Amino acid sequence: MSTLSSQREALIRAAFEAKDMAYCPYSKFPVGAALLTAEGDIIKGANIENASYGGTICAERTALVKAVSEGHKSFVAIAVVSSLAVPISPCGICRQFIREFCALETPVLLVPGDYPKLDHVPKEGYSEGGVRDTTLGELLPISFGPEQLEMPRK
């Protein structure tokens with residue numbers, strides 16, 4: 001069983017490495033995501049765009065699809081990074097996709113593109129280096145998940 005505290009920096013580094021592999025000729029907006037599995041593995045994903053914009057897949061979903069297709073279904077945390085100097089949050093469909101495989105308490109690290117911010121002034125919700133620390137439950141309140149499908153119906 002892996003813990004986030006011992007692998008936090010490796011997870012953030014992996015998100016940056018993933019961002020470098022993004023295929024984004026249309027938006028010019030590379031995004032990288034990295035998942036920490038319960039077994040301690042880190043799975044990376046980048047956004048992959050398509051000329052038919054609807055065929056585009058975000059970094060978070062790329063990482064999850066790779067992880068699940070490799071047999072991982074339990075996750076400790078996810079980190080997301082772009083090239084912006086401020087942290088960005090997963091889009092709505094990615095939040096719902098993450099919800100399929102992650103508990104609401106799962107930490108989500110929103111990393112600024114210029115991490116670590118050496119001049120970062122600590123403020124609530126942010127940790128060292130300017131990372132916005134949140135959870136899936138904070139990003140997707142009152143969510144619908146797999147457990148609702150197991151509930152009795154009338």
Side-chain angles (χ1 to χ4, degrees), residues 1-27 29-50 52-84 86-116 125-151:
M1 188 64 109
S2 182
T3 64
L4 175 57
S5 60
S6 66
Q7 294 200 19
R8 182 181 172 93
E9 285 305 313
L11 185 65
I12 291 171
R13 252 189 335 273
F16 275 98
E17 291 168 4
K19 180 179 71 80
D20 290 342
M21 300 306 291
Y23 175 76
C24 52
Y26 310 108
S27 72
F29 196 84
V31 178
L35 281 165
L36 178 59
T37 71
E39 299 82 22
D41 296 318
I42 294 177
I43 310 295
K44 300 182 276 190
N47 56 318
I48 309 296
E49 295 181 348
N50 189 280
S52 171
Y53 295 152
T56 294
I57 184 167
C58 299
E60 300 90 336
R61 286 182 285 145
T62 299
L64 277 161
V65 167
K66 285 174 60 179
V68 172
S69 68
E70 293 172 8
H72 301 283
K73 293 192 180 109
S74 182
F75 304 100
V76 173
I78 184 169
V80 180
V81 67
S82 76
S83 294
L84 297 180
V86 296
I88 64 160
S89 180
C91 72
I93 194 168
C94 285
R95 293 175 192 204
Q96 185 62 48
F97 205 87
I98 295 166
R99 174 68 170 90
E100 184 72 18
F101 301 100
C102 295
L104 292 172
E105 303 79 30
T106 302
V108 180
L109 308 179
L110 306 176
V111 185
D114 60 352
Y115 175 86
Y126 289 78
S127 59
E128 188 175 321
V131 175
R132 173 71 168 99
D133 295 281
T134 189
T135 65
L136 178 57
E138 291 172 339
L139 292 178
L140 192 64
I142 315 172
S143 67
F144 179 82
E147 66 277 4
Q148 275 85 31
L149 294 175
E150 302 302 319
M151 295 176 130

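All values derive from a computational prediction rather than experimental measurement.
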Whether Tyr23 and Tyr26 hold their rings parallel, tilted or perpendicular, with breakpoints at 30° and 60°: perpendicular

Closest non-hydrogen atom pair, Pro30 against Ser83: CG-OG, 3.5 Å

Listed once per pair and sorted, the salt bridge (Lys or Arg N to Asp or Glu O under 4.0 Å) pairs that draw on residues 128-138, sequence neighbours left out: Arg8-Asp133

Under the 3.5 angstrom rule, does the side chain of Gln96 hit a backbone N or O of Ile93 as a donor-acceptor pair? no

Tell me the closest heavy-atom pair linking Ala79 and Val111, and the distance in Å. CB-CG2, 4.5 Å

Salt bridge (Lys or Arg N to Asp or Glu O under 4.0 Å) contacts in which one or both residues fall within residues 90-105, not counting sequence neighbours: Arg99-Glu147

Okay, side chain of Asn47, backbone of Val31: is any donor-acceptor separation there less than 3.5 Å? yes

Step by step, work out the side-chain contact (heavy atoms from CB on, under 4.5 Å) result for Leu110 and Ile88. CA-CA 6 Å; Leu110 306 176; Ile88 64 160; over 6 Å; no

Got a donor-acceptor contact below 3.5 angstrom from the Thr56 side chain to the Asn50 backbone? yes

Between Val76 and Leu4, the two heavy atoms sitting closest are CG1-N, 3.8 Å

Using a 6.0 Å cut-off, check whether atom CG of Leu84 has over 12 heavy atoms from anything other than its own residue. yes

Is the backbone N or O of Ile42 less than 3.5 Å from a side-chain atom of Gln7, with the two atoms forming a donor-acceptor pair by type? no

Check: Val68 main-chain N/O paired with Lys73 side-chain donor or acceptor under 3.5 Å: no

Can Ser27 and Glu49 be counted as having a side-chain donor-acceptor contact under 3.5 angstrom? yes

Under 3.5 Å: donor-acceptor pair, side chain of Thr62, backbone of Ala46: yes

What do the steps show when you test Val65 against Phe97 for side-chain contact (heavy atoms from CB on, under 4.5 Å), and what is the final call? CA-CA 10 Å; Val65 167; Phe97 205 87; 3.9 Å; yes

